[in-house]
**Q** 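Following this message is one structure expressed as structure tokens.
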Protein chains: 2
Amino acid sequence: MSDLLGRLRGRGWRMTSQRRVVAEVLDGDHVHLTADEVHLRAAARLPEISRATVYNTLGELVALGEVLEVSTVGRAKRYDPNARNPHQHLVCSGCGTVRDVHPVGNAIGDLPEEERFGFAVGSVEITYRGLCPGCA
Amino acid sequence: MSDLLGRLRGRGWRMTSQRRVVAEVLDGDHVHLTADEVHLRAAARLPEISRATVYNTLGELVALGEVLEVSTVGRAKRYDPNARNPHQHLVCSGCGTVRDVHPVGNAIGDLPEEERFGFAVGSVEITYRGLCPGCA
DNA sequence: ATCCTACGATGGACTTCGTCCAAGTCAAGA
DNA sequence: TCTTGACTTGGACGAAGTCCATCGTAGGAT
Ligand SMILES: [Mn+2]
Ligand SMILES: [Mn+2]
Ligand SMILES: [Zn+2]
Ligand SMILES: [Zn+2]
């Protein structure tokens, strides 16, 4: 993420304090925050930032491919800045913690031709579920 | 699903016309309806059925393991009556069509020990994405 | 350094999806 | 047939997210 601001400027983004602080909040490993969590942390640095701006900025980052949306079951979407490193997710069924993982197989290849219904399969998402050490 | 009503009676369910019609709507292959779609189709047979009852019944069927909740990206949950046959999903990025598929690998085994972070991994969900023949 | 203006920020209304509740109804056992 | 507690209902409520009219400002032009 360290070069994110530079890439965004290169794409013609007007660099505002709001966008800067959202980008700063989305930094680190295993970061999978909800929009509200991003807003909370951004507001700690920039109290006047609005929810709408956080949603707008997250949506733009997703459209640019800089951030991934992680779908959850019945909960708020989570935003994942680790978009440059393809990975999958391990989710704790107890506390909801999300970790990035890298399985070794080729899941797309595991789908037989006769199971593809003529689709052009382009990507695969894998979610592992279980209990983390703290919740076990 | 044909024996669903029998199983539910065996579990002590009071058999109402509402529950019967919801169970009837959830019949067939590759069925992945939203709660609103279930309500719409149920109301075609039983006009007075309420949204609350559809949500209640779906929630009970999920709790009993008779129906699976399928998470979608930012849209309404989908309900999958094909719970007795373990499977994964192939989703069209164009029209949203969902098909049941059966990959051949062992995805859980593909997650190396050092990538498990001490979790007790119990299940894995795989979503294949691509364009269906109609959308390609 | 100042000006301009189109792009971005704001907050509040609105939508969608889902939950909750008090009151009324009815399935099924006695 | 009677009784009763499980089930249903409509509407209020809540959480997550979108939309929009208006205001503010980043950054190029002068
Ligand atoms: Mn991730
Ligand atoms: Mn299915
Ligand atoms: Zn946990
Ligand atoms: Zn399609």
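Numbered from 1 within each chain, the chains take letters A, B, ... in sequence-line order.
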**Q** For B/His87 and B/Asp80, which I'm curious about, is there any donor-acceptor pair between the side chains at under 3.5 Å?
**A** yes

**Q** Looking at side-chain heavy atoms only, is the closest gap between B/Asn106 and A/Asp110 below 4.5 Å?
**A** no

**Q** Could you check how far OH of B/Tyr55 sits from P of C/dC21, rounded to whole Å?
**A** 17 Å

**Q** To the nearest angstrom, how far is B/Leu46 atom CG from C/dT25 atom P?
**A** 16 Å

**Q** Would you say A/Ile126 ends up clustered with B/Phe117 if hydrophobic residues are merged whenever their side chains have heavy atoms under 4.5 Å apart, either directly or through other cluster members?
**A** yes

**Q** Output the rounded distance in Å from CD1 (B/Ile49) to P (C/dC26).
**A** 14 Å

**Q** Atom CG of A/Asp36 to atom C1' of D/dG17: distance rounded to whole Å?
**A** 10 Å

**Q** May I have the distance from A/His39 (atom NE2) to C/dA9 (atom C1'), rounded to whole angstrom?
**A** 12 Å

**Q** Taking atom types as modelled and ignoring hydrogens, do the side chains of A/His30 and A/Arg99 form a donor-acceptor contact shorter than 3.5 angstrom?
**A** yes

**Q** Using a 4.0 Å heavy-atom cut-off across all strands, classify B/Arg75 as base, sugar-phosphate, or nothing.
**A** nothing

**Q** Nearest-Å distance, CZ (B/Arg19) to C1' (C/dA27)?
**A** 11 Å

**Q** Can you list the residues that meet the salt bridge (Lys or Arg N to Asp or Glu O under 4.0 Å) rule with A/Arg19, with sequence neighbours excluded?
**A** A/Glu60

**Q** Taking atom types as they are modelled, would you say the side chain of A/Arg51 forms a donor-acceptor pair with the base of C/dG11 within the 3.5 Å cutoff?
**A** no

**Q** Nearest-Å distance, CG (B/Leu40) to P (C/dC17)?
**A** 13 Å

**Q** Can you name the atoms? Protein N/O to nucleotides 20-30 of chain D N/O, anything below 3.5 Å, with the distance.
**A**
from, atom 1, to, atom 2, distance (Å)
D/dG27, OP1, A/Met15, N, 2.8

**Q** Does this structure show an ion pair linking A/Arg41 with A/Glu24, if we count only N-O contacts that are shorter than 4.0 Å?
**A** no

**Q** Scan side-chain atoms only and decide if A/Asn82 and A/Asp29 contain a donor-acceptor pair under the 3.5 Å cut-off.
**A** no

**Q** On the nucleotide C/dT10, are OP1 or OP2 found under 4.0 Å from the side-chain N or O atoms that A/Gln18 carries?
**A** yes

**Q** Looking only at the side chain of A/Ser50 (C-beta and beyond, no hydrogens), which of the listed nucleotides C/dG11, C/dC17, D/dG17 gets closest?
**A** C/dG11

**Q** With no hydrogens and no angle check, just 3.5 Å: does a side-chain donor-acceptor pair link A/Asn85 and A/His102?
**A** yes

**Q** Is any side-chain N of the basic residue among B/Glu69 and B/Arg78 closer than 4.0 Å to the acidic one's carboxylate O?
**A** no

**Q** Would you work out how much the helix from C/dA1-D/dT30 to C/dA30-D/dT1 bends between its ends, with each end axis defined by five base pairs, to 10 degrees?
**A** 30°

**Q** Nearest whole angstrom, please: distance from the C1' of D/dG17 to the CD of A/Glu37.
**A** 15 Å

